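In what follows, every chain begins at residue 1, and chains take the letters A, B, ... in the order their sequences are listed. No experiment lies behind these values; they were computed from the predicted model shown.
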Amino acid sequence: MPELPEVETVRRGLAPVMEGRKITRVILRRSDLRKPFPKGFQKRIEGARVKTVARRAKYLLLHLDTGDVVIWHLGMSGQVRIYAKGEAVPKPQKHDHVEFHLQHGATIRFTDPRRFGLMDLGFEDTLDQHALLKDIGPEPLSNHFSAPVLQARLSGKRIAIKQALMDARVVAGVGNIYASEALYRAAISPKRSAASIGPKRAAALVGAIVGVLSAAIRAGGSTLKDHRTTDGELGYFQHSFAVYGRPGEACPDCDCNVAKTGGIKNIVQGGRATFYCPRRQR
DNA sequence: CTTTGGGCCTGGACGC
DNA sequence: TGCGTCCAGGCCCAAA
């Protein structure tokens with residue numbers, strides 16, 4: 001699934017169920033996802049208590065009272081489902097790979113058809129140095145993210161701004177959908193070079209990124225193929241997309257003649273689809 | 001150093 | 001109905 005709002009939606013579902021509870025049992029139905037589970041994975045987790053469920057970029061972080069941290073990525077197609085105590089847990093299907101059984105009876109199930117997700121272990125006191133996390137840029141919804149910070153991270157980059165926004169070293173958690181949406185909100189062309197973003201555009205972009213991510217979180221994320229909340233509910237922010245997946249349509253702020261202009265354009269950048277309005281975005 | 005392209009997987013949509 | 005092709009929210013790594 002998953003860009004930042006979808007992962008945050010899952011985090012918010014997991015936190016009240018997992019925090020303060022012991023993990024009584026871990027079931028792995030295969031030995032790897034995108035990469036193998038680390039050695040001793042189950043053993044290091046079982047019996048530990050979850051202190052907090054946090055998030056960094058698109059990674060969920062289960063902080064355990066042993067000092068270990070479960071680093072959990074949902075990949076492209078990962079879904080998390082919570083079954084409350086007493087609720088029937090359906091028989092495992094083909095792509096149900098992991099289960100966490102919790103003290104007091106809840107079950108957390110991870111389903112990931114494409115297996116681009118992963119689970120790893122890190123240590124709380126050196127978590128920032130972990131290979132998966134050490135190069136990740138500022139969290140967009142934290143106070144470490146600002147126009148000067150963004151502009152500095154874009155300076156000297158020869159790539160297009162759209163591709164720069166999807167580089168986790170520039171800003172954490174922005175993927176293909178929200179990169180297009182944020183650029184639309186900021187009225188910046190996705191083709192513009194990253195280095196040409198000055199103070200004014202950087203400020204607009206920061207506002208746009210924060211705005212679109214916050215709105216998406218409030219809506220429970222976006223559901224294209226398979227994102228669900230941990231209750232199995234659909235997120236509905238996809239209905240608020242201005243440009244993503246709407247080629248040929250009029251953008252929300254356009255008063256132009258779509259029959260003439262062709263409306264929202266769909267181009268490919270770095271092998272990924274980009275949607276934008278050439279008249280509104282410069 | 002930065003940037004590009006291929007690869008990892010499965011499933012669904014589409015054209016014939 | 002079946003088959004082939006293309007595409008999909010992410011990320012790593014080798015190569016240029």
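Under a 4.5 Å side-chain heavy-atom cut-off, the cluster of Ile, Leu, Val, Met, Phe, Trp and Tyr residues that includes A/Tyr276 is completed by A/Ile267. Counting Ile, Leu, Val, Met, Phe, Trp and Tyr side chains that sit under 4.5 Å apart, directly or through other members, A/Leu127 shares a hydrophobic cluster with A/Tyr59, A/Leu61, A/Val69, A/Ile71, A/Leu118, A/Leu132, A/Leu133, A/Ile136.
Here A/His95 reaches the OP1 or OP2 of B/dG11: one of its side-chain N or O atoms lies under 4.0 Å away. An OP1 or OP2 oxygen of B/dT3 is reached within less than 4.0 angstrom by a side-chain nitrogen or oxygen of A/Lys157. Phosphate contact (OP1/OP2 of C/dG9, side-chain N/O of A/Tyr244, threshold under 4.0 Å): present. Of the side-chain N and O atoms in A/Arg114, none sit less than 4.0 angstrom from OP1 or OP2 of C/dG9. The shortest distance between the side-chain N/O atoms of A/Arg272 and the OP1/OP2 oxygens of C/dA8 is not below 4.0 Å.
Among the heavy atoms of the strands lying under 4.0 Å from A/Ala273 are primed sugar atoms or P, OP1, OP2 only; no base atom is included. As judged by a 4.0 angstrom heavy-atom cut-off over every strand, A/Leu132 is placed among residues touching the sugar-phosphate backbone only. When heavy atoms are screened at a 4.0 angstrom cut-off, A/Lys35 is found touching no nucleic acid atom at all.
Looking at residues two or more places apart in sequence or on another chain, you find no side chain to side chain contact (heavy atoms under 4.5 Å, CB included) involving A/Ala168. Applying the side chain to side chain contact (heavy atoms under 4.5 Å, CB included) test to A/Asn257 and every residue at least two apart in sequence or in another chain returns A/Ala259, A/Lys260.
Straight-line distance between the P atoms of C/dC7 and B/dG5: roughly 15 Å, to the nearest whole Å.
In this structure, A/Asp120 places its CG atom 20 Å from P of C/dG10, rounding to the nearest Å. The distance between atom CH2 of A/Trp72 and atom C1' of C/dG10, rounded to the nearest whole Å, is 17 Å. Rounding to whole angstrom units, CG of residue A/Asn266 and P of C/dA8 are separated by 8 Å. We find that CG of A/Leu133 is positioned 11 Å from P of C/dC11, with the value rounded to whole Å.
A donor-acceptor pair is defined here as one N or O able to donate and one able to accept, closer than 3.5 Å; such a pair exists between the side chain of A/His97 and the backbone of A/Asp112.
DNA chain C contains the following stems of three or more consecutive Watson-Crick or G-U pairs, with both distances under 3.5 Å: B:2-8 with C:10-16, B:10-16 with C:2-8.
Toward the 5' end of DNA chain B, the nearer of the two residues A/Lys94 and A/Arg34, judged by each one's closest nucleotide, is A/Arg34.
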Could you give the side-chain donor-acceptor pairs of residues 146-161 of chain A under 3.5 Å, partners two or more places apart or in another chain?
from: A/Ser146; atom 1: OG; to: A/Val149; atom 2: N; distance (Å): 3.4
from: A/Arg153; atom 1: NH1; to: A/Arg169; atom 2: O; distance (Å): 2.5
from: A/Ser155; atom 1: OG; to: A/Ala152; atom 2: O; distance (Å): 3.0

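The distance from atom CG of A/Leu121 to atom NE2 of A/His130, rounded to the nearest 0.5 Å, is 8.0 Å.
Look at A/Phe116 and the base of B/dC8; the rings stack, centres closer than 5.5 Å and planes less than 30° apart.
If you check B/dT3, B/dC9, C/dG9 against the side chain of A/Arg115, the one that comes closest is B/dC9.
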